[in-house]
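Before any comments, here is the structure.
Quick note: residue numbers are just sequence positions, from 1. All of these numbers come straight from a predicted model, not from anything done at the bench.
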Amino acid sequence: MTEPRRARATEAFFGRRKGKPLRERQTAHLETVLPTLKLDLSSAAPAELKALFPEGVERIRLEIGFGGGEHLIHRAAETPSTGFIGVEPFVNSMAKLVGHIEDRGVSNIRLYDDDATQVLDWLPAASVDQIDLLYPDPWPKRKHWKRRFVSKVNLDRFARVLKPGGLFCFASDIDTYVNWTLLHCRDHAAFEWTAQKAADWLTPYEGWPSTRYEAKARREGRSSAYLTFRRV
């Protein structure tokens, strides 16, 4: 019997799960540190997500696909009053971030190492202040566009978990994905684009730490767009 094809709501939005072999220290971090930080989706989410963090936090921020973790660790150290949930299925990226967490001693990050849609479906309604989707895989070939994370079904997920007035922040250096996101959010009743002038989407977010990926894009002649949408 053949396995049924996955529905769009459960289709994987990421590619390979692992790159080069991990160093011994990275393997140890994944075996000993990650389990203490990882969300337990087998149990119901707490009514107040602040309960996930050992020290009191005032806001909750979700970053989907954090890559090398430069942005996430920077923001967590910068704003200890915010609780961060980082989702990244790529093993090498997760190992790198866990090492940063250990080195920096931050306590306001919780992690998940699989599909972000599972976290979105687990989270309580109106529980998150901000969602960051920064330089996601653009799936540039037209036949793969259905795997882009921005979609009607995932914007529905965002709308459910974001608090009224909450923000969805999207950054990319791929023009087709920027336009794709603008059109999808324009057509979704729960979101409004906050930009008033060109500088609003051409200027990096306040306190933005440039990442290696962004630096590579600029070296290759690609500029970035920084889009902010508000949950209405």
Side-chain angles (χ1 to χ4, degrees), residues 5-20 61-72 74-75 85-94 96-97 112-120 130-159 161-162 167-188 190-191 193-195 198-205 208-229:
R5 188 178 184 278
R6 286 179 295 183
R8 178 65 180 82
T10 58
E11 191 162 1
F13 302 97
F14 49 85
R16 60 187 184 140
R17 294 293 300 269
K18 192 173 182 181
K20 62 183 180 180
R61 190 164 168 176
L62 169 67
E63 183 168 341
I64 296 172
F66 54 72
E70 300 103 319
H71 177 265
L72 181 52
H74 171 82
R75 294 299 191 188
I85 297 173
V87 184
E88 176 57 67
F90 191 53
V91 174
N92 299 68
S93 295
M94 181 63 74
K96 184 175 296 185
L97 177 66
Y112 190 67
D113 57 355
D114 207 320
D115 192 338
T117 62
Q118 298 171 2
V119 176
L120 288 164
Q130 182 169 329
I131 295 175
D132 296 316
L133 184 63
L134 309 173
Y135 292 96
D137 193 326
W139 296 106
K141 295 182 180 179
R142 183 180 292 270
K143 66 180 180 179
H144 293 150
W145 283 2
K146 64 184 178 180
R147 300 186 72 178
R148 287 177 168 176
F149 201 86
V150 175
S151 65
K152 169 64 166 61
V153 68
N154 282 339
L155 288 177
D156 287 344
R157 287 180 164 113
F158 287 4
V161 303
L162 278 171
L167 301 178
F168 163 39
C169 294
F170 173 93
S172 178
D173 61 310
I174 305 300
D175 289 345
T176 58
Y177 203 176
V178 172
N179 294 334
W180 168 283
T181 300
L182 285 169
L183 290 173
H184 276 74
C185 288
R186 180 201 65 184
D187 294 339
H188 198 291
F191 293 96
W193 190 23
T194 63
D200 293 337
W201 71 82
L202 296 176
T203 303
Y205 302 114
W208 176 259
S210 182
T211 65
R212 286 174 299 138
Y213 181 88
E214 186 177 56
K216 177 184 177 183
R218 290 181 176 173
R219 288 196 303 271
E220 296 175 355
R222 297 190 304 276
S223 58
S224 300
Y226 307 88
L227 310 180
T228 301
F229 303 93

Inset, instruction - Under the side chain to side chain contact (heavy atoms under 4.5 Å, CB included) rule, what do Cys185 and Phe168 come out as? Steps first, then yes or no, please. - result: CA-CA 10 Å; Cys185 288; Phe168 163 39; 3.9 Å; yes
Legend entry - salt bridge (Lys or Arg N to Asp or Glu O under 4.0 Å) partners of Arg222, counting only residues at least two apart: Asp173, Glu220
Verify, without hydrogens or angle tests, whether [X] (side chain) and [Y] (backbone) share a donor-acceptor contact under 3.5 angstrom.
| X | Y | result |
| --- | --- | --- |
| His184 | Trp180 | yes |
| Thr194 | Thr228 | yes |
| Tyr177 | Val150 | yes |
| Glu70 | Thr211 | no |

Are [X] and [Y] close enough that some pair of their side-chain heavy atoms sits under 4.5 Å apart?
| X | Y | value |
| --- | --- | --- |
| Phe229 | Leu162 | no |
| Phe149 | Thr117 | yes |
| Pro89 | Asp115 | no |

Inset, instruction - Give me the one residue out of Asn154, Thr181, Thr176 that meets side chain to side chain donor-acceptor pair (under 3.5 Å) with Arg148. - result: Thr176
Legend entry - Minimum heavy-atom distance between Ala159 and Phe191, given as atom pair plus value: N-CZ, 3.8 Å
Legend entry - Contacts of Trp193 that satisfy side chain to side chain donor-acceptor pair (under 3.5 Å) - sequence neighbours left out: none
Legend entry - Residues that Glu214 engages under side chain to side chain donor-acceptor pair (under 3.5 Å), provided they are two or more places apart: Tyr135, Trp208, Ser210, Tyr226
Inset, instruction - Test side chain to side chain contact (heavy atoms under 4.5 Å, CB included) on Phe158 and Ile64 and set out the steps. - result: CA-CA 11 Å; Phe158 287 4; Ile64 296 172; 3.8 Å; yes
